[in-house]
Visitor: 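Here it is: the structure, laid out below.
Side chains included, hydrogens not; waters and symmetry mates left out as well; all remaining heavy atoms used.
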Amino acid sequence: MRPTIRGRVRALCAAGATLAAVAASVVTGPTALAHDDDLGPAIEAIMHKPGYEHAQWGVLEIDVASGKVIHSRNADQFFIPGSTTKLVTISSALHTLGPDHRFTTPVLATGARDGSTLNGNLAMVAQGDLTMGGRTKPDGSVDYTDIDHTEANLPGASLTPENPLAGLNQIAQQVRDAGITRVNGDVIVDPRLFQPPALDPQPTPMIINDNLIDLLTTPTTAGQPAQLLWRPQVAPYQVTSTVQTVEAGGTTDIHVTASPDGTRIALSGTIAADAQPLLKVSNIQDPNAFARTALIEALGRAGVAVTADPTGPNPQDALPASYDGDPQVAAYVSPPYSQYAKLILKVSHNLGANLALCNMAVEHGSRNCFDAFPIEHDFLADVAHVDPTQFQLADGRGGVAAERATPSGLDQLLAYWLGTPYADAFRLSLPILGVDGSNGISCTTDCPAKGKVFAKPGTVLGLDELNQRIAASAQEEAGYLQTDGGCLHLFYIGVTGASSADLTSFISIFDDVNQISALLQEQASAAEHHHR
């Protein structure tokens, strides 16, 4: 870090000001790393608990004001990054697109108007909009829950209240307001923006409800069928449930099956009478056909009749080579990309992170999403001034086995943001310990660090078939600690090679890493108080 920046940040901390005041400066990265050090008895006790016998820990903590390395352990070694990969992806996307970037999804009328009748087709040109209004709140921000429906395999996953079809409803009303009441033709989704890449989950140019059908089961009384809510309800999708409510304290075990095309979904199993509503999801196999039907149905609700069969494949071959001279009759405009970045980071939205690669490639004129990696490389090297060889990345979310990152590289990337006008907004877009996002479930009571740790967690799990245990390939955090006096530290804490008996007990590994981040915050605050 440049000495002048250190001095300014030190003064800001003393005055209780925010780091937004360093907007015009660039933090170039931490000073030379300290040797492995004593982290204190409380942290060392956690690191030596059962399950960590063969694990390796990485730690790096840097005082932003002084540039001093407070703790360092294996800071220049590769660790499996998991979802901390999203820090690289979203940092690059925010720089490439800009926090204020909005996606505009237009609908064009290809054909001739005869009064209120369109003799031709409506083409909805997909633009890689992650939510299409399905999470947008009245104030224009994007809604999320701490455990997102895209993570419905995790306990506590829940739905946001917004209508997943909200964007399509807006488009349909705009078509009606444009004076069209009948379409003698078809509705076609134009998905030619980019070629969907071989990534998991696979981003597509047109996305409705994260390409998922939500299935929420609520218990009733013992011996009675459970209640099912499913959405979005679009033809020809049908959902049936034989889930039964069993006595309080009984077994909750629900299974979901679907036909090969995804349109026939069945739930079976049991749910305890005292259980919380349980969310499951089923994949939409053909996002283009789904969006086409959903828009035709929305047009019908808005008073616009379409003569084409509302179900069936999306007739992409009928699209024109270009839309020269075709009038735009509707458009959905997204919230700013800063809101999508916040969603992706807060809930570790895997689809959104992979989609960010495609968004960047398109911004640079490419339909190949993997062309985003040279963009990321140049961002790291030329903008953030971080050595790109401190990362090995192959997707946007952190789901490829070969991916690696060093604690030093992640901390240097986090340091970059402190020299930008977006410093505070970026920090607040990360999960906040004990408050919201992925880390909202830890440090909730009697925790002095609650609300003072802003960090992106990363988790990589697998099954150890040999020993019938959960292999925790990686659990980590990278972000910012805010001392009680208002100063910031950069930090990374992570472990690779841990083990737990089952998925339930794995939560203790997640909590251990969060507890260490909380202890680091308490240590930093205590040291700050001691030196005053």
Visitor: Test of understanding: with side chain to side chain contact (heavy atoms under 4.5 Å, CB included), list the residues that count as partners of Thr252, not counting sequence neighbours.
Guide: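 Expected list: Ile271, Ala272, Ala275, Leu278.
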Visitor: How many angstroms lie between atom OG of Ser438 and atom NZ of Lys346, to the nearest 0.5 angstrom?
Guide: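 Here the rounded value is 9.5 Å.
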Visitor: Working to the nearest 0.5 angstrom, can you tell me the gap between Leu463 CG and Ile470 CD1?
Guide: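 Taking CG in Leu463 and CD1 in Ile470, the distance rounds to 5.5 Å.
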Visitor: Taking all non-hydrogen atoms of both residues into account, name the closest pair between Pro335 and Tyr340 and its distance.
Guide: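 Heavy atoms only, the tightest pair is CD-OH, 3.7 Å.
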Visitor: Under 6.0 Å from the CD atom of Gln276, do we count more than 12 heavy atoms belonging to anything else shown?
Guide: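 No.
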Visitor: Output the distance between atom CG (Leu60) and atom NE2 (His489), rounded to the nearest 0.5 Å.
Guide: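 If I round to the nearest 0.5 Å, the distance is 12.0 Å.
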Visitor: For side chain to side chain contact (heavy atoms under 4.5 Å, CB included), just list the numbers for Leu433 and Ser442, CA-CA rounded to whole Å, side-chain angles, deciding distance to a tenth of an Å, and then say yes or no.
Guide: CA-CA 6 Å; Leu433 189 64; Ser442 298; 4.1 Å; yes
Visitor: Has the side chain of Thr444 got a donor or acceptor atom that lies under 3.5 Å from a matching backbone atom of Gly434?
Guide: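 Checked: no pair found.
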Visitor: Pair Ser83, Ser348 - check side-chain hydrogen bond (donor to acceptor under 3.5 Å, both in side chains), show working.
Guide: CA-CA 7 Å; Ser83 283; Ser348 207; 2.9 Å; yes
Visitor: Check the pair Val59 / Leu39 against side chain to side chain contact (heavy atoms under 4.5 Å, CB included), numbers first and verdict last.
Guide: CA-CA 9 Å; Val59 183; Leu39 295 162; 3.9 Å; yes
Visitor: Shortest non-hydrogen contact from Ile80 to Glu476?
Guide: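 Closest approach of Ile80 to Glu476: O-OE2, 2.5 Å.
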Visitor: What are the two closest heavy atoms between Ile147 and Gly156, and how far apart are they?
Guide: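 Closest approach of Ile147 to Gly156: CB-O, 3.9 Å.
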Visitor: Tell me the closest heavy-atom pair linking Leu94 and Ser338, and the distance in Å.
Guide: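 Closest approach of Leu94 to Ser338: CD2-CA, 4.3 Å.
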Visitor: Quick one: closest heavy-atom pair of Pro99 and Tyr422, and the distance?
Guide: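 Smallest heavy-atom distance, with atoms named: CB-CE1, 3.9 Å.
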Visitor: Side chains of Tyr337 and Asn359: is there a donor and an acceptor less than 3.5 Å apart?
Guide: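 No - no donor-acceptor pair under 3.5 Å links their side chains.
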Visitor: Check the side chains of Glu528 and Thr483 for a donor-acceptor pair under 3.5 angstrom, ignoring hydrogens and angles.
Guide: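 Note: Thr483 and Glu528 side chains meet the donor-acceptor criterion.
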Visitor: Listed by chain and number, what are the side chain to side chain contact (heavy atoms under 4.5 Å, CB included) partners of Asp395, not counting sequence neighbours?
Guide: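 Applying side chain to side chain contact (heavy atoms under 4.5 Å, CB included) to Asp395 gives Thr85, Leu199, Asn354, Arg397, Val400, Glu403.
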Visitor: Dump the intermediate steps for side chain to side chain contact (heavy atoms under 4.5 Å, CB included) on Thr131 and Leu343, then the final yes or no.
Guide: CA-CA 10 Å; Thr131 73; Leu343 167 67; 4.2 Å; yes
Visitor: Heavy-atom distance under 4.5 Å between the side chains of Leu413 and Phe379, does that happen here?
Guide: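 Contact flag for Leu413/Phe379 side chains = yes.
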Visitor: Between Arg231 and Asp214, is a salt bridge (Lys or Arg N to Asp or Glu O under 4.0 Å) present by the stated rule, with each step listed?
Guide: CA-CA 5 Å; Arg231 69 175 203 184; Asp214 297 318; 3.2 Å; yes
Visitor: Determine, stepwise, if the pair Phe506 / Thr459 fulfils side chain to side chain contact (heavy atoms under 4.5 Å, CB included).
Guide: CA-CA 10 Å; Phe506 161 75; Thr459 303; 3.4 Å; yes
Visitor: Indicate yes or no: at least one non-hydrogen side-chain atom of Thr150 is less than 4.5 angstrom from one of Asn350.
Guide: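 Contact flag for Thr150/Asn350 side chains = no.
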Visitor: May I ask you to decide if Ala471's main-chain N or O and Asp464's side chain share a donor-acceptor pair within less than 3.5 Å?
Guide: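 Not at all, since once roles are kept as given, no pair shorter than 3.5 Å links the two residues.
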Visitor: Ile516 versus Phe491: any side-chain heavy-atom pair under 4.5 Å?
Guide: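 Ile516 vs Phe491: side chains apart.
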Visitor: Can you tell which of Asp129, Asp210, Asp143 makes a salt bridge (Lys or Arg N to Asp or Glu O under 4.0 Å) with Arg135?
Guide: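 Single salt bridge (Lys or Arg N to Asp or Glu O under 4.0 Å) partner of Arg135 among Asp129, Asp210, Asp143: Asp210.
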Visitor: Can any side-chain N or O of Glu376 pair as donor or acceptor with the backbone N or O of Ser92 at less than 3.5 Å?
Guide: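 Checked: no pair found.
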Visitor: Is it the case that the side chain of Gln202 and the backbone of Pro197 share a donor-acceptor pair, with hydrogens and angles ignored and the cut-off at 3.5 Å?
Guide: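 Checking the backbone N and O of Pro197 against the side chain of Gln202, a donor-acceptor pair under 3.5 Å is found.
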Visitor: Between Lys452 and Gln482, is there a donor-acceptor pair closer than 3.5 Å when you use the side chain of the first and the backbone of the second?
Guide: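 No, Lys452 side chain to Gln482 backbone: no donor-acceptor pair under 3.5 Å.
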Visitor: Report yes if the side chains of Thr406 and Asp387 come closer than 4.5 Å at any heavy-atom pair, otherwise no.
Guide: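 No, their side chains stay 4.5 Å or more apart.
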Visitor: On a heavy-atom basis, which atom in Pro431 and which in Asn439 lie closest, and how many Å separate them?
Guide: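 So the two residues come closest at CB-N, 3.8 Å.
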Visitor: With a 4.5 Å cut-off on side-chain heavy atoms, are Met47 and Ile493 touching?
Guide: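 They are in side-chain contact.
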Visitor: Working to the nearest 0.5 angstrom, can you tell me the gap between Asp436 CG and Phe454 CZ?
Guide: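 Here the rounded value is 9.5 Å.
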Visitor: Closer than 3.5 angstrom, by distance alone: can the side chain of Asp148 be matched with the main-chain N or O of Glu151 as a donor-acceptor pair?
Guide: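 Checking the backbone N and O of Glu151 against the side chain of Asp148, no donor-acceptor pair under 3.5 Å is found.
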Visitor: Tell me, do Asp378 and Val383 make a side-chain contact under 4.5 Å, heavy atoms counted?
Guide: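 A side-chain contact under 4.5 Å is absent here.
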Visitor: Counting only N and O atoms by type, is there a donor-acceptor contact under 3.5 Å from the side chain of Ser505 to the main-chain atoms of Asp502?
Guide: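 Checking the backbone N and O of Asp502 against the side chain of Ser505, a donor-acceptor pair under 3.5 Å is found.
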Visitor: Main chain of Gly409, side chain of Tyr492: is a donor-acceptor contact present, judged purely on distance under 3.5 Å?
Guide: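 No; zero donor-acceptor contacts below 3.5 Å.
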Visitor: Between Phe290 and Pro287, is any pair of side-chain heavy atoms under 4.5 Å apart?
Guide: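 Contact flag for Phe290/Pro287 side chains = no.
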Visitor: Measuring from Cys358:SG to Leu130:CG, what's the distance to the nearest 0.5 Å?
Guide: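 The CG atom of Leu130 is 11.5 Å from SG of Cys358, to the nearest 0.5 Å.
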Visitor: Would you compute the distance between atom OG1 of Thr270 and atom CD1 of Ile254 and round it to the nearest 0.5 angstrom?
Guide: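 It comes to 7.5 Å.
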Visitor: I'd like to know if the side chain of Thr204 pairs up with that of Asn211 as donor and acceptor (distance under 3.5 Å, no hydrogens or angles considered).
Guide: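 Checked: Thr204/Asn211 side chains pair up, N/O donor to acceptor below 3.5 Å.
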Visitor: Any chance you could lay out the side-chain hydrogen bond (donor to acceptor under 3.5 Å, both in side chains) test for Glu477 and Ser517, step after step, and finish with the verdict?
Guide: CA-CA 8 Å; Glu477 300 271 346; Ser517 72; 5.6 Å; no
Visitor: For Lys137 and Val142, indicate whether the former's side chain and the latter's backbone hold a donor-acceptor pair under 3.5 Å.
Guide: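 Here the side-chain-to-backbone pair does not exist.
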Visitor: Answer yes or no: is there a donor N or O on one side and an acceptor on the other, between the side chain of Ser429 and the main chain of Phe426, under 3.5 Å?
Guide: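 Between the backbone of Phe426 and the side chain of Ser429 there is a qualifying donor-acceptor contact (under 3.5 Å).
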Visitor: How about Asp63 and Ile70: do any of their side-chain heavy atoms sit closer than 4.5 Å?
Guide: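 The answer is yes, as the side chains (C-beta and beyond) meet within the 4.5 Å cut-off.
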Visitor: Does a donor on one side chain and an acceptor on the other come within less than 3.5 Å for Ser408 and Gln412?
Guide: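 Distance-only check passes for Ser408 and Gln412.
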Visitor: Does the side chain of Gln521 come under 3.5 Å of the side chain of Asp484 through a donor N or O and an acceptor N or O?
Guide: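 There is such a pair (donor and acceptor under 3.5 Å, judged by atom type) between the side chains of Gln521 and Asp484.
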Visitor: Assess whether side-chain hydrogen bond (donor to acceptor under 3.5 Å, both in side chains) is satisfied between Gln523 and His71, documenting all intermediate values.
Guide: CA-CA 11 Å; Gln523 288 180 7; His71 293 297; 3.1 Å; yes
Visitor: Check the pair Ser508 / Asp511 against side-chain hydrogen bond (donor to acceptor under 3.5 Å, both in side chains), numbers first and verdict last.
Guide: CA-CA 5 Å; Ser508 66; Asp511 286 337; over 6 Å; no
Visitor: Go through the structure and list residues passing salt bridge (Lys or Arg N to Asp or Glu O under 4.0 Å) with Lys86, not counting sequence neighbours.
Guide: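 Result, salt bridge (Lys or Arg N to Asp or Glu O under 4.0 Å) vs Lys86: none returned.
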